[in-house]
Amino acid sequence: MNWNGKDAVLVEQQKNYIDTVVVPLAPMSFSEGFRQSAEQYEFIQLLTEFLERQFKGRMLVTPPYAYLPEQADKAVQWTENIRAAGFKHVFFITADSMWRQREAELNAAVIFVPSVPLGDMEEAVKRSLIENQAKQLVNTIVVKWQDNSE
């Protein structure tokens with residue numbers, strides 16, 4: 001499910017089945033890291049779109065949490081709000097390695113995926129790369145669901 005009016009109705013109707021929220025993390029920089037942060041956002045966005053299609057009916061993908069590096073600590077509030085709304089599983093997906101050290105603080109699973117600059121790749125190559133990477137994420141998410149249900 002995506003963050004839009006149509007899917008929001010379905011989320012409300014099927015709340016018992018949709019137990020997972022995915023939050024894409026998008027770093028923002030307007031200086032020397034500008035291009036890298038834009039590439040990371042593009043990569044993570046494509047991955048989460050693939051995941052949403054694979055887990056439609058079980059997963060809600062939020063808008064990205066866009067952050068300036070010095071204000072990243074506010075992501076904890078997202079987890080608190082998501083859990084208060086009754087969602088059991090919270091996944092943050094990021095290409096920013098800084099978040100790996102903050103997993104315990106977030107009280108959520110952080111899935112780090114090194115970004116691949118997609119730039120001028122042909123669409124077919126880009127799609128294939130994203131699908132291969134996302135299939136690995138599918139396995140990671142299923143394992144984490146199983147770990148949390150024990």
Side-chain angles (χ1 to χ4, degrees), residues 1-30 33-34 36-118 126-150:
M1 306 293 186
N2 285 305
W3 194 263
N4 60 46
K6 178 182 168 192
D7 284 355
V9 170
L10 294 172
V11 169
E12 290 175 337
Q13 292 171 348
Q14 301 174 12
K15 185 77 167 174
N16 294 336
Y17 304 105
I18 303 166
D19 64 352
T20 303
V21 172
V22 171
V23 180
L25 295 170
M28 291 182 57
S29 175
F30 296 98
F34 177 74
Q36 181 182 8
S37 66
E39 289 171 345
Q40 286 180 359
Y41 170 72
E42 177 185 18
F43 182 72
I44 293 300
Q45 193 65 23
L46 290 170
L47 282 176
T48 55
E49 288 171 6
F50 182 92
L51 287 175
E52 189 278 332
R53 286 190 302 274
Q54 294 300 305
F55 293 117
K56 192 159 194 90
R58 170 103 195 246
M59 174 182 289
L60 172 65
V61 176
T62 70
Y65 173 68
Y67 62 92
L68 298 170
E70 61 275 6
Q71 296 177 341
D73 59 336
K74 298 194 184 314
V76 172
Q77 295 170 344
W78 279 54
T79 306
E80 292 169 358
N81 282 304
I82 291 166
R83 295 217 186 270
F87 292 96
K88 183 176 179 183
H89 307 283
V90 181
F91 294 100
F92 287 93
I93 297 183
T94 184
D96 184 348
S97 63
M98 173 271 299
W99 289 100
R100 291 192 292 187
Q101 294 86 29
R102 303 189 75 178
E103 188 168 19
E105 173 189 341
L106 288 171
N107 190 26
V110 172
I111 300 174
F112 169 72
V113 184
S115 178
V116 175
L118 302 173
K126 188 186 300 188
R127 191 176 330 106
S128 175
L129 186 135
I130 292 296
E131 285 180 14
N132 289 334
Q133 189 68 51
K135 286 176 183 175
Q136 293 176 32
L137 288 179
V138 166
N139 292 332
T140 300
I141 289 170
V142 169
V143 166
K144 290 188 181 285
W145 277 337
Q146 291 169 343
D147 290 346
N148 287 339
S149 66
E150 296 173 353

Pairwise side-chain contact, [X] with [Y], heavy-atom cut-off 4.5 Å (strictly under):
| X | Y | value |
| --- | --- | --- |
| Ile93 | Val22 | yes |
| Pro24 | Val61 | yes |
| Leu129 | Phe43 | yes |
| Tyr67 | Pro27 | yes |
| Pro64 | Gln45 | yes |
| Thr62 | Trp78 | yes |

Do you know which two heavy atoms are closest between [X] and [Y], and how far apart they sit?
| X | Y | result |
| --- | --- | --- |
| Leu106 | Ala75 | CD2-CB, 3.7 Å |
| Ser37 | Ser29 | OG-N, 3.5 Å |
| Ala109 | Lys144 | CB-CD, 3.7 Å |
| Tyr41 | Ala26 | CD1-CB, 3.6 Å |
| Glu52 | Met1 | OE2-N, 2.8 Å |

Show your reasoning for whether side-chain contact (heavy atoms from CB on, under 4.5 Å) applies to Glu49 and Ile130. CA-CA 10 Å; Glu49 288 171 6; Ile130 292 296; over 6 Å; no

Are Gln133 and Phe50 close enough, and set up right, to give a side-chain contact (heavy atoms from CB on, under 4.5 Å), and what steps lead you there? CA-CA 10 Å; Gln133 189 68 51; Phe50 182 92; over 6 Å; no

Roughly how far, to the nearest 0.5 Å, is the [atom2] atom of [Y] from the [atom1] atom of [X]?
| X | Y | atom1 | atom2 | value |
| --- | --- | --- | --- | --- |
| Ile18 | Phe55 | CD1 | CZ | 14.0 Å |
| Ile141 | Gln54 | CD1 | CD | 10.0 Å |
| Leu47 | Glu42 | CG | CD | 10.5 Å |
| Phe112 | Thr94 | CZ | OG1 | 7.5 Å |
| Asn107 | Glu80 | CG | CD | 8.5 Å |

Given Thr79, Ile111, Val21, the one that forms side chain to side chain contact (heavy atoms under 4.5 Å, CB included) with Phe92: Thr79

Strictly distance-based, threshold 3.5 Å: is any side-chain N or O of Glu103 a donor or acceptor partner for the main-chain N or O of Val110? yes

Should Thr20 and Trp145 be marked as a side-chain contact (heavy atoms from CB on, under 4.5 Å) after you check the CA-CA gap, both sets of side-chain angles, and the distance that decides it? CA-CA 9 Å; Thr20 303; Trp145 277 337; 2.9 Å; yes

Given side-chain contact (heavy atoms from CB on, under 4.5 Å), test Leu51 with Leu137 step by step and report yes or no. CA-CA 8 Å; Leu51 287 175; Leu137 288 179; 4.0 Å; yes

Of all residues at least two apart in sequence or in a different chain, which pass the side-chain contact (heavy atoms from CB on, under 4.5 Å) check with Arg102? Ala72, Asp73, Met98, Trp99, Glu105

Show me the donor-acceptor pairs, under 3.5 Å and distance only, between side chains in residues 2-14 and residues at least two apart or in other chains.
unit_1, atom_1, unit_2, atom_2, d
Asn4, OD1, Lys6, N, 3.3
Asn4, OD1, Asp7, N, 2.7
Asp7, OD2, Asn2, N, 2.7

